[in-house]
2 protein chains.
Amino acid sequence: MKMPNDQLSQHTQHCDDCPIRHRAVCARCEADELEALEEVKYYRTFEAGQTVVWSGDQMDFVGSVVSGIASLTQTMEDGRTQMVGLLLPSDFVGRPGRDAAAYDVVATTELVMCCFRKKPFERMMLETPHIAQRLLEMTLDELDAAREWMLVLGRKTAREKIASLLSIIARRDATLKLAGTKGPLVFDLPLTREAMADYLGLTLETVSRQMSALKRDGVIHLEGKRHVTIPDLGRLLEEAGDDNDGGLMA
Amino acid sequence: MKMPNDQLSQHTQHCDDCPIRHRAVCARCEADELEALEEVKYYRTFEAGQTVVWSGDQMDFVGSVVSGIASLTQTMEDGRTQMVGLLLPSDFVGRPGRDAAAYDVVATTELVMCCFRKKPFERMMLETPHIAQRLLEMTLDELDAAREWMLVLGRKTAREKIASLLSIIARRDATLKLAGTKGPLVFDLPLTREAMADYLGLTLETVSRQMSALKRDGVIHLEGKRHVTIPDLGRLLEEAGDDNDGGLMA
DNA sequence: GTTCGCGCTTGATCTGGGTCAAGGATACCC
DNA sequence: GGGTATCCTTGACCCAGATCAAGCGCGAAC
């Protein structure tokens, strides 16, 4: 558990250039509002495996994922852990109006975050309806995603759980790349088998077995342990048990 | 599935008198803002078992639970169902900016709701930061509760799940009654064994068995099937696997 | 009263996924 | 090259909770 590499970025890039600008909290902001945000903004980078904050710790910023993936995790005293959110680029981290983090936030891959100092951000939220409104919208989306995931955790079989996770990653990945929706989807799994298990309420052995089974049945192709090809997204969605939409994202 | 008894209430009571006024969406509203809400407000009552809206149906209002309990439920094509939220008095129903309901909303007990016509409510939200801010706060609370529940669904044993549910109901019930925190908690379960199972990702048989086990072990007392006494909340929380806080509410 | 129906309990048995344990495949470092 | 650490796979066995099935308790309708 090393903690270097977490210094403020020097080349304070401007919001306008930000790749996730139009999907993040500031999506609706006017030029002058962006300018104000600029004042309290800074970038931080984390390497894979680094912890951004521990549950219960003071958190003096909020922010958005710019690139990479972070996960929110809850742990019981006896060590059982459950991932409760997967934060992809443009997702928001932190809760205005609360000082302590409610979950462990961990960089699952190399991670770049755009942070805002919490106090001034909270003040801005009261004065800038655009921010509060956008944040409400994003929070409602996350709530839907969390509820979708409750169905996965409560009622789906191991195979369906894996298929659900793969389809979420595949789809989010596809929209990020703005790739044409046609043709096989290809991506690298950003999660270890253990992280997948933590997200799905399974053990890593079961994840491994079901991945092998989906591969054997031709639902996915695997090259190495992480490189995945989905020849037929419809088939995968069927396996996930929700023929239609495949779910939102946390 | 009968649908009567769902007419607009005649005695349009004023918000000031509303028992949940200070905890609901309008908690922060000034007198003039309340007055404006008054214009688009109406009450609806539902009897136990009635469906408020079906998933996918048009929903032309948003609102708050005034009394009784409603549940949000998701169903898979093959009939597996998962309750994804339990709405208690003051909780908000509906999503501004979306027309179709995302879940089945069902009155679990007799239910009174304070509804606002959606279109004007959405307009007010843009003009009245107090409403958007309060709604954001409530949505963040619900998101926390949903994530808390993901841990329950993903990692807890049947016994822990039951204990978790009972402690949530007990605590929410206690705060509603403003009862002193000391002494045994007493309440009537507002859910059938089947509804409990749907919330916990279990079968009703398992729920029944674990209720019997908790009774046998003196963690709870049962009088009839629904009347519950918690002699020692600390003990119950221990059984739930979270010694400290027992969780938030959806 | 009797009968019906619904919500619940309890027992017997089955099974999906957990647990324990033994390797295999890469990648990195010396 | 060999050593070793990390991540993953696969097998053998077990158990918590699902499934199948029978019956109880109690209120409502007659």
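Order of the sequence lines sets the chain letters (A, B, ...), proteins ahead of strands, with each chain counted from 1. Note: hydrogens, waters and symmetry copies are ignored here, and every other heavy atom, side chains too, is used.
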Pick out the pairs of N or O atoms, protein on one side and nucleotides 15-17 of chain D on the other, that lie under 3.5 Å.
residue : atom : partner : partner atom : Å
dG17(D) : OP1  : A158(B) : N            : 2.8

Distance-only donor-acceptor hits, side chain of residues 100-108 of chain B, under 3.5 Å, sequence neighbours excluded:
residue : atom : partner : partner atom : Å
Y103(B) : OH   : D144(A) : OD1          : 2.7
D104(B) : OD1  : S55(B)  : N            : 2.8
T108(B) : OG1  : S71(B)  : OG           : 3.4

Base, sugar-phosphate or nothing for T192(A)? Non-hydrogen atoms, less than 4.0 Å. sugar-phosphate
What is the bend of the helix from dG1(C)-dC30(D) to dC30(C)-dG1(D) when you compare the axis at one end with the axis at the other, using five pairs each and rounding to 10°? 30°
Please identify each residue that fulfils side chain to side chain donor-acceptor pair (under 3.5 Å) with T203(B), with sequence neighbours left out. T206(B)
Strand-adjacent residues in residues 211-222 of chain A, judged by heavy atoms under 4.0 Å from DNA chain D: S212(A)
Heavy atoms of other groups near E205(A) CD, more than 12 under 6.0 Å: yes
Can you sort out the partners of R155(B) under salt bridge (Lys or Arg N to Asp or Glu O under 4.0 Å), two or more places apart, ordered by chain and number? D198(A)
Quickly work out the I162(A) CD1 to dG16(C) C1' distance and round it to whole Å. 14 Å
By side chain to side chain donor-acceptor pair (under 3.5 Å), D57(B) pairs with (sequence neighbours left out) none
Would you mind checking if R23(A) and D91(A) are paired as a salt bridge, meaning a charged N to carboxylate O distance below 4.0 Å? no
Can you check nucleotides 20-26 of chain D for protein contacts, nitrogen or oxygen pairs under 3.5 Å, and list what you find?
residue : atom : partner : partner atom : Å
dC20(D) : N4   : E205(B) : OE2          : 3.3

L204(B) CG - dG11(C) P separation (whole Å): 16 Å
Euclidean distance, atom CD of residue E194(B) to atom P of dA18(D) [Å, nearest integer]: 13 Å
Separation of dC8(D) atom P from D188(A) atom CG, nearest Å, is 13 Å
Looking at residues at least two apart in the chain, or sitting in another chain, which of them share a side chain to side chain contact (heavy atoms under 4.5 Å, CB included) with E160(B)? M76(A), R80(A), K156(B), T157(B)
Whole angstrom value for the distance that separates C1' of dT26(C) from CZ of R226(A): 12 Å
Expressed in angstrom and rounded to an integer, what is the separation of R193(B) atom CZ from dT10(C) atom P? 10 Å
Ignoring hydrogens and angles, write down the donor-acceptor pairs under 3.5 Å from the side chains of residues 210-225 of chain B, residues two or more places apart or on other chains.
residue : atom : partner : partner atom : Å
S212(B) : OG   : S208(B) : O            : 3.1
D217(B) : OD2  : R159(B) : NH2          : 2.2

Return the set of residues passing salt bridge (Lys or Arg N to Asp or Glu O under 4.0 Å) with R226(B) (not counting sequence neighbours), or none when no residue passes. none
Looking at E239(B) and R235(B), is there a salt bridge between them, counting it only when a charged N and a carboxylate O are closer than 4.0 Å? yes
Return the value, rounded to whole Å, for the distance between atom NE2 of H227(A) and atom C1' of dC8(D). 18 Å
